[in-house]
Undergrad: 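Mind having a look at this structure? Questions to follow.
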Protein chains: 2
Amino acid sequence: MEVYPHREENQMARTGRPREFDRDKALDAAMTLFWAQGYEPTSLNQLKACMGNISPASFYAAFGSKETLFREVVQRYLQTHGQVMAPLWDETLSPRDAIEQTLRRSARMQTARSHPTGCLIVQGACNCSPENLPVQALLAAERERSRDGIKACIERAVTNGELPASAVTQTLPALFTTFLHGMACEARDGDKVKTLDAAITTLMQVWDSQALQP
Amino acid sequence: MEVYPHREENQMARTGRPREFDRDKALDAAMTLFWAQGYEPTSLNQLKACMGNISPASFYAAFGSKETLFREVVQRYLQTHGQVMAPLWDETLSPRDAIEQTLRRSARMQTARSHPTGCLIVQGACNCSPENLPVQALLAAERERSRDGIKACIERAVTNGELPASAVTQTLPALFTTFLHGMACEARDGDKVKTLDAAITTLMQVWDSQALQP
DNA sequence: ATATTTCTGGATTGCTTAGTATGGAAGTCT
DNA sequence: AGACTTCCATACTAAGCAATCCAGAAATAT
């Protein structure tokens, strides 16, 4: 009687025949493929091939299903590459620095050559048939978290007296979020870090033009 | 001996049995479906159903294939909803007005309730398996056109003496383009016109802060 | 009226999809 | 040594995919 349909790494020193492939490496390979192609067009055949020519039985035993694999991939992404967003929730940073760092680190990460360009959260499940709406919703919820993080930074800046509680200030969350999410498209289309970084510098002027004196 | 594999509307008063469905309405229905779901996850069964329960034979006779239908849908999109970008190439407008109008009209169009939210060009072929890369490239080329249009506006402003030929000015194309493409994501995630419109107002301050006096 | 052209409905093609069943291999535990 | 557990290779299922074939229906042209 096993509660879980597939074996995750939730135990040590297991009995029975050991797995012949590296689960972590397989997960990374799957992440790269999902990142480049998105959820739906990525087939199990492609996945099994890039994960080390593992068999269907091995795949399902280790990861459960394509969807549960994707969910695990998303968690891994958030804990690694997605950490470029961490400044948003780092209250030791000033709100302005938090947003600027998030933008700059996102730009660098999304344009790096060591992995697919763009953002898994923004582009990973953009095209979905009705049966995969839950997957789309998973990423949408994550984007909403970013939105909330940016909004919280602005609100903190108002509370701190760094920004006025003006009508313009209220427009900043949408402004920064739209730009942040737009970078995924630009990165995938081949924009370079330098280009995006320079645009970020100019965008931050909007903040500075609204900032109150200390 | 027919050069074309399928019949388009390139003739009048044809012989033979007339088509029983409205080709234009079918094309619009296909556009809505592609817009909402994207190219790859949209199946022929869904297409045939939404196009008026037409038969496979009718579909292929009228549209050739799924890919040629999509290409035709993209052309139709560009000639209708995509016209929100037209100000970019309208030299009777000042460069600043061209960009502002493009942004505002895009925001309104992409959030309208009369059709799917977001942008077919940005999101229509975001997730593609290798065999459909040509479709992805088609939309990428169209986005490049937008990029070029925005860049041309900035250059025109410099030529006109509305903007200085400064380092900041050089960052404006990427800034506006990233924001423009980011709106597709925000619109699909449920942002309202008002929110985006307010962000656009603030973004245009960047232009004004750089503008030279006349 | 008849020939010709074109469209339609339905069955069908070959291929790919996600996922499963089974039998045996390769370990650990006692 | 032998019981037990887990994994793996292979064959397989059922459904969906884009696309095609064919026979008949419905129009025009002569």
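Numbers restart at 1 for each chain; the letters A, B, ... are given by sequence-line order, proteins then strands.
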Undergrad: What nucleotide among D:dA27, D:dA18, D:dA9 has an atom nearest to a side-chain atom of A:A57?
TA: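 For the A:A57 side chain, the nearest candidate turns out to be D:dA9.
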Undergrad: Please determine if a side-chain N or O atom of B:S58 lies less than 4.0 Å away from the OP1 or OP2 oxygen of C:dT8.
TA: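 Yes, because at least one side-chain N or O of B:S58 sits under 4.0 Å from OP1 or OP2 of C:dT8.
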Undergrad: By nearest nucleotide on DNA chain D, pick out whichever of B:G16 and B:L44 is the more 5' one.
TA: B:L44
Undergrad: Any side-chain donor-acceptor pair under 3.5 Å between A:D90 and A:T92?
TA: yes
Undergrad: In whole Å, what is the span from the CZ atom of A:F70 to the C1' atom of C:dA18?
TA: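 That distance rounds to 16 Å.
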Undergrad: A:M51 CE to D:dC8 P: how many Å, rounded?
TA: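 So the two atoms are 12 Å apart, to the nearest Å.
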Undergrad: Output yes when at least one side-chain N/O atom of A:N45 is less than 4.0 Å from OP1 or OP2 of C:dT17, else no.
TA: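 Result: yes.
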Undergrad: In whole angstrom, give the distance that lies between atom CD of A:E131 and atom P of C:dT17.
TA: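 One finds 14 Å between P of C:dT17 and CD of A:E131, rounded.
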Undergrad: With nearest nucleotides of DNA chain D determined for B:S43 and B:E20 from heavy-atom distances, which residue corresponds to the more 5′ nucleotide?
TA: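 Its nucleotide being nearer the 5' end, the pick is B:S43.
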Undergrad: B:R19 side chain: which of D:dC8, C:dC7, D:dT28 is closest?
TA: C:dC7
Undergrad: Measure the distance from CD1 on B:I54 to P on C:dG10 and round it to the nearest whole Å.
TA: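 Taking atom P of C:dG10 as the reference, CD1 of B:I54 is at 14 Å.
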Undergrad: Write down the distance between CZ (B:F21) and C1' (C:dG9), rounded to a whole number of angstrom.
TA: 13 Å
Undergrad: Looking only at the side chain of B:P56 (C-beta and beyond, no hydrogens), which of the listed nucleotides D:dA26, D:dC8, C:dA11 gets closest?
TA: C:dA11
Undergrad: Which nucleotide wins on minimum distance to the side chain of A:S55, given the candidates D:dT10, C:dG19, C:dT8?
TA: D:dT10
Undergrad: For the NZ atom on A:K48, are there more than 12 heavy atoms of other groups (residues, nucleotides or ligands in this structure) within a distance under 6.0 Å?
TA: yes
Undergrad: Could you tell me if the ring centre of A:F179 sits under 6.0 Å from that of B:F179?
TA: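 For A:F179 and B:F179, the ring centres are not under 6.0 Å apart.
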Undergrad: Just call it for A:T42: base, sugar-phosphate, or nothing, with non-hydrogen atoms closer than 4.0 Å on any strand.
TA: sugar-phosphate
Undergrad: Got a second to check how far A:E91's CD is from A:C153's SG, nearest 0.5 Å?
TA: 8.0 Å
Undergrad: Please state how far atom CZ in B:F59 lies from atom P in D:dC21, giving the value in whole angstrom units.
TA: 17 Å
Undergrad: For B:L47 and D:dG16, what is the distance between atoms CG and C1' respectively, to the nearest whole Å?
TA: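 Distance check: B:L47 CG to D:dG16 C1' gives 14 Å.
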Undergrad: Below the 4.0 Å mark, does C:dA25 have OP1 or OP2 next to a side-chain nitrogen or oxygen of A:R17?
TA: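 Indeed not, no polar side-chain atom of A:R17 lies that close.
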Undergrad: Among C:dT8, D:dA19, C:dA26, which nucleotide sits nearest the side chain of B:Y60?
TA: D:dA19
Undergrad: Is it true that the side chains of A:E40 and A:N132 contain a donor and an acceptor less than 3.5 Å apart?
TA: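 Short answer, yes.
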Undergrad: What is the distance from NZ of A:K66 to P of C:dT16, rounded to the nearest Å?
TA: 16 Å
